[in-house]
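Remember, it's 1-based here, ligands and their atoms both numbered in the order they're listed. Just so it is clear, the model here is predicted, and its values are computed rather than measured.
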Amino acid sequence: MTMIRIVRGDITTLEVDAIVNAANNALLGGGGVDGAIHRAAGAELLAFNRSLGGCPTGEARLSPGFKLPAKWIIHTVGPVWHGGEQGEAQLLASCYRNSFKLALEHDVSSIAFPSISTGVYGFPKEQAADIALAVMREYESRFETIIACVFSEQDEALYLQKMKVSND
Ligand code: ADP
């Protein structure tokens, strides 16, 4: 059975088949985890992503990992939080689902996700963790390892608590 693991740290260092990027619609880099991934993967990533022509919110696109330990990067575009009445929850769930679907098409068996939309896009962290973990459970049986990569101690505590609740 798959383990959903919580790992705190920099997602760019993880030795998995694919890491997921919380990108923006242009796919040409930005702040937060997106910036860290572009820096670590190298300039070839930007050149490659120019050929992708952007990505709508809720969808996902694949690139090689270039200089990363990960073979692939799955770029998905999370919703900006506008108060919750603009389909944000469904769009965030679509990010996770479409990332998993793309991963399955490329024989990925280990995958790591950041907390999509919970940085500058402002999605409430608790609701975002519920959505992330629910979709991870949907796909759990089809992967060897699914990592929820958290960056802050606060996010780590939140995910640990959610995992504990759902395992009890
Ligand atoms: P978004 O624009 O989707 O909100 P951000 O990059 O601003 O994306 O934030 C998403 C999450 O990624 C936040 O929880 C942030 O703390 C986290 N994060 C930032 N840098 C990294 C990194 N190098 N590895 C993993 N997570 C990161």
Taking atom 15 (C) of ligand 1 as the reference point, the nearest protein heavy atom with its distance = Phe151 CB, 4.4 Å
Is the shortest distance from a heavy atom of Thr12 to ligand 1 less than 4.0 Å?
-> no
Do the non-hydrogen side-chain atoms of Leu46 and Leu28 ever get within less than 4.5 Å of each other?
-> yes
closest protein heavy atom to atom 24 (N) of ligand 1 is Ile11 N, 3.0 Å
Option nearest atom 4 (O) of ligand 1 (shortest heavy-atom distance, choices Gly119, Ala128, Ser115) | Gly119
Atom 8 (O) of ligand 1 sits nearest the protein heavy atom Ala22 CB, 3.9 Å
Which residues pass the side-chain contact (heavy atoms from CB on, under 4.5 Å) test with Val120, sequence neighbours left out?
-> none
Nearest to atom 12 (O) of ligand 1, what protein heavy atom do you find, and at what distance?
-> Val33 CB, 3.9 Å
Identity and distance of the protein heavy atom lying nearest atom 23 (N) of ligand 1 | Asp10 OD1, 2.9 Å
Where is the nearest protein heavy atom to atom 3 (O) of ligand 1: which residue, which atom, and how far?
-> Ser117 N, 2.9 Å
Identify whether Val16 and Val108 are in the same connected component of the hydrophobic contact network (ILVMFWY, side-chain heavy atoms under 4.5 Å).
-> no
Heavy-atom side-chain proximity of Leu92 to Gln127 below 4.5 angstrom = no
Residue pairs, two or more places apart or on separate chains, that pass side chain to side chain donor-acceptor pair (under 3.5 Å) and touch residues 88-101 | Arg97-Glu138
